[in-house]
Amino acid sequence: MGKFIIALYTGTGNTLYVAKQFKNAEIHFISEFLSGQYVLPDDTETLGIMFPVYNQSYPYPVALFVKQVLSKRDNSALQYIFAINTSSGHSLGANYMLEKLLMDSGVALSYSTSLKFPSADLKKHHKSLSEMKTLAEVNKRALRIEKTINDIENKEIKISKYIPFSYIKELISNRTNKPKKVTDLAVSDKCTACEICYKICPTDNITIDNGKATFKDACIKCYACYHRCPEKAIIYKKKTTGQYIGLVDTKELFRR
């Protein structure tokens, strides 16, 4: 039997929480594939691509994974590819756009779905959300998550629905989602150089210089650094108004 691999992009951990519900899957961050730290095995039979929705589309690292990893390997052993996105709002278009991207790279999506989760986007979410409230929200989707897992384990087929004007939306989203210089986050004097933000940043956009976290120019606004800072030293637009801790331990998000 071939391997079951999940290529995961996650910011604050919602998508990782779902990925962990698959008992037989081997989970790897997309950053591992892009850095060459992990190579997709030749005998991978089932591949999951899982991510949160950013600006109604897939995050930029997901596109890099498809273009730089999948499109450059022999995918003849792949029998089943699924996509799951987590989002607090409009999300179905993200899977349709991903399906098109995969087809351009010579592979086909077998199953796709979207799971609604609390938002960690600071443009939408400025209040803290306790673990209890977060679990209550997730428990509302427990049956949906269970059905999704059963569908995939049984290799059900579920193709994304056509989204009108998806080409235009994809162009806009991909431009918006590209890594950029940090403009809405700052580091206060509360920073203790604990390196948590450095270890969890999915684009390696944070360094520790002179005892303080410093941003580079490759932010994709996952806001994991803000939400996971134990000292609340990372400020959003000159204030810190609440963190979304999420459903996984901070150490599970460490990339380095």
Side-chain angles (χ1 to χ4, degrees), residues 1-11 15-16 18-19 22 24-86 93-114 152 155 157-160 163 166-180 200-205 216-222 253-256:
M1 182 180 292
K3 287 185 170 61
F4 179 179
I5 305 294
I6 291 177
L8 175 82
Y9 171 83
T10 189
T15 312
L16 176 58
V18 178
F22 289 93
N24 299 318
E26 187 177 323
I27 303 170
H28 291 275
F29 290 127
I30 280 178
S31 57
E32 295 178 55
F33 295 95
L34 298 179
S35 68
Q37 180 182 349
Y38 180 77
V39 177
L40 190 63
D42 292 336
D43 62 343
T44 302
E45 183 179 295
T46 300
L47 174 65
I49 304 175
M50 299 181 60
F51 56 92
V53 172
Y54 290 172
N55 297 306
Q56 300 184 44
S57 185
Y58 44 77
Y60 187 72
V62 174
L64 294 182
F65 171 73
V66 174
K67 294 176 181 178
Q68 297 181 9
V69 177
L70 284 186
S71 67
K72 295 182 179 180
R73 70 183 297 274
D74 180 1
N75 294 305
S76 56
L78 280 177
Q79 296 184 15
Y80 191 83
I81 304 177
F82 68 88
I84 299 176
N85 72 57
T86 57
N95 285 341
Y96 180 75
M97 294 175 198
L98 177 62
E99 183 177 15
K100 288 175 54 186
L101 184 67
L102 287 166
M103 291 179 66
D104 290 342
S105 298
V107 289
L109 197 60
S110 306
Y111 184 98
S112 69
T113 193
S114 176
I152 291 168
K155 290 185 166 53
I157 304 300
K158 181 181 178 183
I159 306 301
S160 305
I163 304 298
S166 60
Y167 178 70
I168 297 174
K169 291 181 180 179
E170 186 173 21
L171 287 176
I172 295 172
S173 297
N174 288 348
R175 182 179 299 175
T176 304
N177 288 346
K178 281 187 176 181
K180 297 178 179 67
I200 65 175
C201 180
T203 57
D204 195 19
N205 187 54
K216 296 190 286 187
D217 297 325
C219 179
I220 55 175
K221 297 186 182 299
C222 72
L253 298 171
F254 285 179
R255 269 84 170 180
R256 52 193 67 83

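Keep in mind that this is a model prediction, so the values were computed, not measured. Just so you know, residue 1 is the first one in the sequence shown, and it goes up from there.
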[Y] and [X], any side-chain heavy atoms less than 4.5 Å apart:
{"X": "Glu99", "Y": "Ile159", "result": "yes"}
{"X": "Leu34", "Y": "Gln68", "result": "yes"}
{"X": "Pro52", "Y": "Tyr9", "result": "yes"}

#### Entry: side-chain contact (heavy atoms from CB on, under 4.5 Å) between Ile30 and Leu8, intermediate numbers included
CA-CA 5 Å; Ile30 280 178; Leu8 175 82; 5.8 Å; no
### Message
Could you walk me through whether Thr203 and Tyr60 satisfy the side-chain contact (heavy atoms from CB on, under 4.5 Å) test, starting with their C-alpha distance in whole Å, then the side-chain angles of each, then the deciding distance to 0.1 Å, before giving a yes or no?
### Response
CA-CA 10 Å; Thr203 57; Tyr60 187 72; over 6 Å; no
### Message
Ignoring hydrogens and geometry beyond distance, is a side-chain donor-acceptor pair present between Asn85 and Ser114 at under 3.5 Å?
### Response
yes
Checking the side chain of [X] only, and the main-chain atoms of [Y] only, is there a donor and an acceptor separated by less than 3.5 Å?
{"X": "Asp74", "Y": "Asp42", "result": "no"}
{"X": "Lys180", "Y": "Lys178", "result": "yes"}
{"X": "Arg256", "Y": "Cys201", "result": "yes"}

### Nearest heavy-atom neighbours spanning Glu45 and Gly2
OE1-N, 3.4 Å
### Query
Between Lys67 and Asp104, is the closest basic N to carboxylate O distance under 4.0 Å?
no
### Task
Verify side-chain contact (heavy atoms from CB on, under 4.5 Å) between Leu47 and Tyr80, making sure each step is shown before the conclusion.
CA-CA 6 Å; Leu47 174 65; Tyr80 191 83; over 6 Å; no
Starting at [atom1] of [X], measure out to [atom2] of [Y] and round the result to the nearest 0.5 Å.
{"X": "Phe4", "Y": "Ile27", "atom1": "CZ", "atom2": "CD1", "result": "8.5 Å"}
{"X": "Asn24", "Y": "Ile152", "atom1": "CG", "atom2": "CD1", "result": "12.5 Å"}
{"X": "Thr44", "Y": "Lys3", "atom1": "OG1", "atom2": "NZ", "result": "7.0 Å"}
{"X": "Thr86", "Y": "Ile84", "atom1": "OG1", "atom2": "CD1", "result": "9.5 Å"}
{"X": "Phe33", "Y": "Phe65", "atom1": "CZ", "atom2": "CZ", "result": "5.0 Å"}
{"X": "Ser35", "Y": "Arg255", "atom1": "OG", "atom2": "CZ", "result": "11.5 Å"}

### Query
Tyr58 pairs by side chain to side chain contact (heavy atoms under 4.5 Å, CB included) with which of Ile49, Val66, Leu101, Asn95?
Leu101
### Within 6.0 Å of NZ in Lys216, more than 12 heavy atoms from elsewhere
yes
### Query
Does CG in Asp204 sit with more than 12 non-hydrogen atoms of other residues, nucleotides or ligands closer than 6.0 Å?
yes
### Query
Under the 6.0 Å and 45° cation-pi test, does Lys158 pair with Tyr111?
yes
